[in-house]
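Okay, so here's the structure we're looking at.
Both counts, for ligands and for their atoms, begin at 1 and track the order of listing. What's counted below: heavy atoms across the whole structure, side chains too, no hydrogens, waters or symmetry copies. Along the sequence shown, residues carry numbers from 1.
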Amino acid sequence: MPPAAESHPPLRVALLGCGVVGTQVARLLTEQADDLASRVGARLELVGIAVRDVAAPRDAAIDRALLTDDAEGLVQRADIVVEVMGGTEPARTLLLRAIEAGAAVVTANKALLAEDGPTLYKAADAAGVDIYFEAAVAGAIPIVRPVRESLAGDHVRRVLGIVNGTTNYVLDQMATTGMDLEEAVKEAQALGYAEADPTADVEGYDAAAKAAILASLAFHTRVSLDDVAREGILSVTADDVAWAAQTGHVIKLLAIAELRDGAAGVPAGVSVRVHPALVPTAHPLATVRGSFNAVFVEAESAGELMFYGRGAGGAPTASAVLGDVVSAARHRVLGGKGPQESTYAELAILPASAAVTRYQVRLDVEDRPGVLAQVAHALAEHGVSIEAVRQPTAPGGAGAAEPGVAELVITTHAAPESALAATVEAVAALEPVRTITSVLRVEGA
Ligand SMILES: NC(=O)C1=CN([C@@H]2O[C@H](COP(=O)(O)OP(=O)(O)OC[C@H]3O[C@@H](n4cnc5c(N)ncnc54)[C@H](O)[C@@H]3O)[C@@H](O)[C@H]2O)C=CC1
Ligand SMILES: N[C@@H](CC=O)C(=O)O
Ligand code: NA
């Protein structure tokens, strides 16, 4: 049991940034001060909130006397620095200054961690202080700590997740209300899910940053944003969404990190990617609605684990931040330190072309005998085997693109991305092929 709060001097907490997340962190630190003190064994005293503009209007929960535009000065007078301003600079410099000054740091900044986490981890290690970042991946969902600590005795094989609330919200709205992408993004911004620049969400950078962080932790190997093969949701059309529903799928933006052991002609290493994928409606990931996130982890001894909850929004993200603050604060009171970065495995990072997935290819072809055989032959020549072929529109009948044209939907067995790219090119070049309407990966089947 921790000592009574009064037995330890208060711990000074500095907050950098007072936007969607920062406002909720400040509110919870104040409203839950007594509980937090009892849980930590010392009072957590919010000593300042660094903002760009001290005169700007703020939520009523913010004590305006704490506002300062001197972030550099603030980090020098704190035991724990919480960074929720986002962006690479000045966040990195301020966190380094805080670490040099002996403060523990808590950050929600996945963009910074995925780009330059090692600089911060090394500095924290050298200074002997904690660095925590639960909020950086999947908001409120405890996923960093389970992968970093609870599964430290296991071997993780694969992580598959919906880790961006904005894009999940957008795809869900497109599927259920027919809303267009731009309108749904505006709603996600208003609800506090989107990044300051929502292109980070819709182009997959945010999910890629989270995938890099998760892959690093899961595989004890340094993975940065540049190592992640990335596709966002801008190429997903209303037609894709409607067609997915018609065939028993939903489209989700997935983050995938997997260990490949050198089988199937693909070299051994780690494959990390983010892309939209067709997920069968019976799969648990298909039921993840709105801004919710979910992460599947497959580990050798633990088997399959699933983590589900709110991945975005002020209060849910603040919950994860506060959990980290409590951990760091307990170390200040009771001694001890959180885990360091672990990169001993030093696995190879595989190129995007080595990713192995099933694909669904939709194409319009001339409706005459022998066409299907030509298409099948082109696939076979590239070593891609067909799992199923469907012709959703009756030849030349209702729903056909035009008379004499038939739509084919080909689902492949798992094939390397490199083989598929060449195959699609070869199929597109066939004389009876009019258009390749879409190529989508299929996951979770
Ligand atoms: N909003 C969400 O659902 C989640 C956000 N995050 C992360 O949390 C961090 C904050 O996100 P939000 O609160 O949503 O962003 P926000 O844009 O609402 O808030 C950031 C605040 O920091 C301030 N700021 C930026 N640069 C500053 C500087 N140099 N000095 C002082 N203040 C500065 C901005 O003026 C703004 O008020 C980001 O790293 C984001 O990726 C993580 C998980 C979920
Ligand atoms: N913009 C992010 C916020 C949380 O990380 C998202 O939409 O998930
Ligand atoms: Na989290």
In this structure, are over 12 heavy atoms from other groups packed under 6.0 Å from K337 atom NZ?
-> yes
Hey, does N293 come in under 3.5 Å of ligand 2, counting only N/O atoms on both sides?
-> no
Show me, pair by pair, the donor-acceptor contacts under 3.5 angstrom made by side chains of residues 238-252, not counting sequence neighbours?
from, atom 1, to, atom 2, distance (Å)
D239, OD2, R362, NH1, 3.4
D239, OD2, R362, NH2, 3.2
D240, OD1, R362, NH2, 3.0
D240, OD2, T237, N, 3.1
D240, OD2, T237, OG1, 3.2
T247, OG1, W243, O, 3.2
T247, OG1, A244, O, 3.1
T247, OG1, H249, ND1, 3.3
H249, ND1, T247, O, 3.0
K252, NZ, N168, OD1, 3.1
K252, NZ, V288, O, 2.6

Do any heavy atoms of G192 fall under 4.0 Å from ligand 1?
-> yes
Return the residue, atom name and 0.1 Å-rounded distance of the protein heavy atom closest to atom 6 (N) of ligand 1.
-> K110 NZ, 3.5 Å
Using a distance-only test with no angle check, is there a side-chain donor-acceptor pair under 3.5 angstrom linking S319 and R310?
-> no
Mode of T317 contact toward ligand 2 - side chain, backbone, both, neither (heavy atoms, under 4.0 Å) = neither
Which residue owns the protein heavy atom closest to atom 30 (N) of ligand 1, what's the atom, and how far is it?
-> M85 CE, 3.5 Å
Heavy-atom contacts under 4.0 Å between A108 and ligand 1: side chain, backbone, both, or neither?
-> both
Step by step, would you call V384 with Y359 a side chain to side chain contact (heavy atoms under 4.5 Å, CB included)?
-> CA-CA 10 Å; V384 177; Y359 298 87; over 6 Å; no
Quick one: does ligand 1 sit under 4.0 Å from the side chain of T317, the backbone, both or neither, non-hydrogen atoms only?
-> side chain
Results of side-chain hydrogen bond (donor to acceptor under 3.5 Å, both in side chains) for T411 - residues two or more places apart only | Q360
Nearest heavy atom to atom 6 (C) of ligand 2: which of L191, I162, V20, N164 does it belong to?
-> N164
Check which protein N, O or S atoms are less than 3.0 Å from the Na ion (ligand 3) and report how many there are.
-> 5
Considering only the protein, which heavy-atom contact is closest to atom 39 (O) of ligand 1, and what is its distance?
-> G86 CA, 3.3 Å
Within reach of ligand 2, part of T166 (heavy-atom separation under 4.0 Å) | both
Under the side-chain hydrogen bond (donor to acceptor under 3.5 Å, both in side chains) criterion, do D70 and T68 qualify, and how do the steps go?
-> CA-CA 5 Å; D70 178 17; T68 173; 5.2 Å; no
Counting only non-hydrogen atoms of the protein, does one fall under 4.0 Å from atom 18 (O) of ligand 1?
-> yes
Are the charged groups of R92 and E89 less than 4.0 angstrom apart, N to O?
-> yes
Set of residues satisfying side-chain hydrogen bond (donor to acceptor under 3.5 Å, both in side chains) with respect to T23, sequence neighbours excluded | none
Among V185, L253, V236, find the residue that satisfies the side chain to side chain contact (heavy atoms under 4.5 Å, CB included) test when tested with V202.
-> V185
Give me the ring orientation class for H283 and F296: parallel if the planes are under 30° apart, tilted from 30 to 60°, perpendicular past 60°.
-> perpendicular
Considering only non-hydrogen protein atoms, determine which one is nearest to atom 8 (O) of ligand 2 and report residue, atom name and distance to 0.1 Å.
-> G165 N, 2.6 Å
Close approach of A194 to ligand 2, heavy atoms, under 4.0 angstrom | yes
Just checking, any donor-acceptor pair under 3.5 angstrom between side chains of D226 and S224?
-> no
